[in-house]
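Reading through the structure tokens given below for one structure.
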Protein chains: 2
Amino acid sequence: MARAETAPRVPLTRERILHTAIELAGARGIGGLTMRGLGEALGVEAMSLYNHVANKADLLNGMVDAVFAEIELPSHSDDWRTAIRKRSVSFHAMLTRHPWVSGLRDSATQPGTSTLRHHDRVIGTFRNGGFSVALAAHAFSLIDSYIYGFALQEAALPLATEEQSAEVAEAMMAQLAVAEFPYLAELTVEHVMQPGYQYSNEFTIGLDLVLDSLEAALAKEQGASGVDDSGAGRAHSMPIHSE
Amino acid sequence: MARAETAPRVPLTRERILHTAIELAGARGIGGLTMRGLGEALGVEAMSLYNHVANKADLLNGMVDAVFAEIELPSHSDDWRTAIRKRSVSFHAMLTRHPWVSGLRDSATQPGTSTLRHHDRVIGTFRNGGFSVALAAHAFSLIDSYIYGFALQEAALPLATEEQSAEVAEAMMAQLAVAEFPYLAELTVEHVMQPGYQYSNEFTIGLDLVLDSLEAALAKEQGASGVDDSGAGRAHSMPIHSE
DNA sequence: GCTTTAGTACTTACATCGTAAGGCAATTCG
DNA sequence: CGAATTGCCTTACGATGTAAGTACTAAAGC
């Protein structure tokens, strides 16, 4: 048959499926990603995909793990604050590229190796920076909650470009009873509708505030360990509000 | 007719629909909430619901707005920090009661009146506490991102009870190559597997760190306005990292 | 070379979903 | 009492994830 020369006949792979799925999710949104549509994009019937992924949940897990590999790992040569800051900005950029990730909660239950490696390096960066195990856990929880939550709001509010912001703000003001929500109105007019406003700029502002507080908590913890060893010793206690 | 006495014959209402939908989402998860199932729970056919809600998206929006009304509004009599802290704890408690809320990004695009009132009061609390418009916006973004993000991770990781935590941690350790992810292993063993650990306890720790950083930012902003009026005057600039 | 075997892709089919269209009954208004 | 309006129900359609069974393709053994 002529199949050998006419069709390239690239065999289906899990990697190829994941890549195309990520592309498709980007183009049509995660809701527009269907097994049939994905099959079509790969020149294949929907059911053929099931030879390489267990089910759609497995596909989504794989997609999340694949994009986690795009995040810049914290560098060993940087001090903890710059290392964490860099990877957080990179993390945020990834979530901006792939807005559907923050919506997929299930994937956290079954983390892939990329995800685990990432988490391990982040925790390690804190530990090497002098954080106790407990404080490293707090820091990890705080930072990642912020990053995820910010991405969630970013995905919801369509304030990506300046025009979009203006549009949304105006629509909001139009239907908004200004008298009933005066502070919301003030913030919209005097902040959101200012020229050059983009919600995504808020990210690093909040991030730096978070890093400030972690730096202070670390200083407090290290100071406390000099006076009283209970802070560093009972690693699973709460060293921040020990009073 | 006998209808008055035999059958209670409570007529369908948007409120009754929303309440039952919230219950159902709590019992079966948001994925288990279907129009047919909801109708059945109300003793009614699925299509009858469409006389009171436009479509499923409208239903979900209504549900989100209804549970937003459960959040304790920041009190005017408290100072900003305690007021925000109280409402944040209340917010978090609501998201724990209704874990599906954080997953519904779409609802932020079409906020209901409860949601708007809530946001207005939060921003107002910051403003009355002395925050500039810009800093209030940053604070609002930071705090709500953290709360949402934390709830997202809480919903994903099933670490609600102590037993669950232990279970998950052990399962993780079992399949985890300890040598490959040493820091993750350390954190799991020395922190998560400690007696009495519950991930939800991390919430107030991170929250207090965030509030610390906002307090510092406010002090910095107010200190700067004494030396130089540009901080308070140009409200849409970035008063935190002005250097 | 031919035959066997395993794995990959295709076909068909089903349960379940949101919801469009139209019918019927009960309640409200004249 | 009759007319109209509202609210609920019936039926039906297209789309989705995926179970089950079939056919083809490519490597392994003789």
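Proteins come first, then strands; the chains are lettered A, B, ... in the order of their sequence lines, and each starts at number 1.
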query = Over how many whole Å does the gap from A:Arg14 atom CZ to C:dT8 atom P extend?
reply = 14 Å
query = Whole Å only: how far is the OH atom of B:Tyr50 from the C1' atom of D:dC8?
reply = 15 Å
query = A:His52 side chain N/O closer than 4.0 Å to the phosphate oxygens (OP1, OP2) of C:dA9?
reply = yes
task = Report the distance from atom CG of B:Leu12 to atom C1' of C:dT27, rounded to the nearest whole Å.
result = 16 Å
inquiry  = A:Phe140: which residues meet the ring-ring contact (aromatic ring centres under 6.0 Å, His included) condition with it, sequence neighbours left out?
reply    = A:His119
ask   = With no hydrogens and no angle check, do the side chains of A:His52 and A:Arg16 hold a donor and an acceptor under 3.5 Å apart?
value = no
request  = Determine, stepwise, if the pair A:Tyr148 / B:Tyr148 fulfils ring-ring contact (aromatic ring centres under 6.0 Å, His included).
outcome  = CA-CA 8 Å; A:Tyr148 268 117; B:Tyr148 268 117; over 10 Å; no
query = Just by modelled atom types, is the B:Ser90 backbone N or O under 3.5 Å from a matching donor or acceptor in the B:Glu72 side chain?
reply = no
request  = Output all residues satisfying ring-ring contact (aromatic ring centres under 6.0 Å, His included) with A:His92, sequence neighbours left out; order by chain, then residue number.
outcome  = A:Phe150, A:Phe203
task = Round to the nearest Å and state the distance from B:Asn51 atom CG to D:dT5 atom P.
result = 16 Å
ask   = Whole-Å distance between C:dA9 C1' and A:Leu38 CG?
value = 15 Å
Contact state string [nucleotides 10-16 of chain D, B base, S sugar-phosphate only, - no protein heavy atom under 4.0 Å] = BBB---B
inquiry  = Whether the A:Tyr146 and A:Ser88 side chains hold a donor-acceptor pair (N or O, under 3.5 Å, no angle test) is what I'd like checked.
reply    = no
Atom-pair distance (CZ on B:Arg16; C1' on D:dC8), nearest Å = 13 Å
request  = Grab the CG-P distance between A:Asp58 and D:dT18 for me, whole Å please.
outcome  = 10 Å
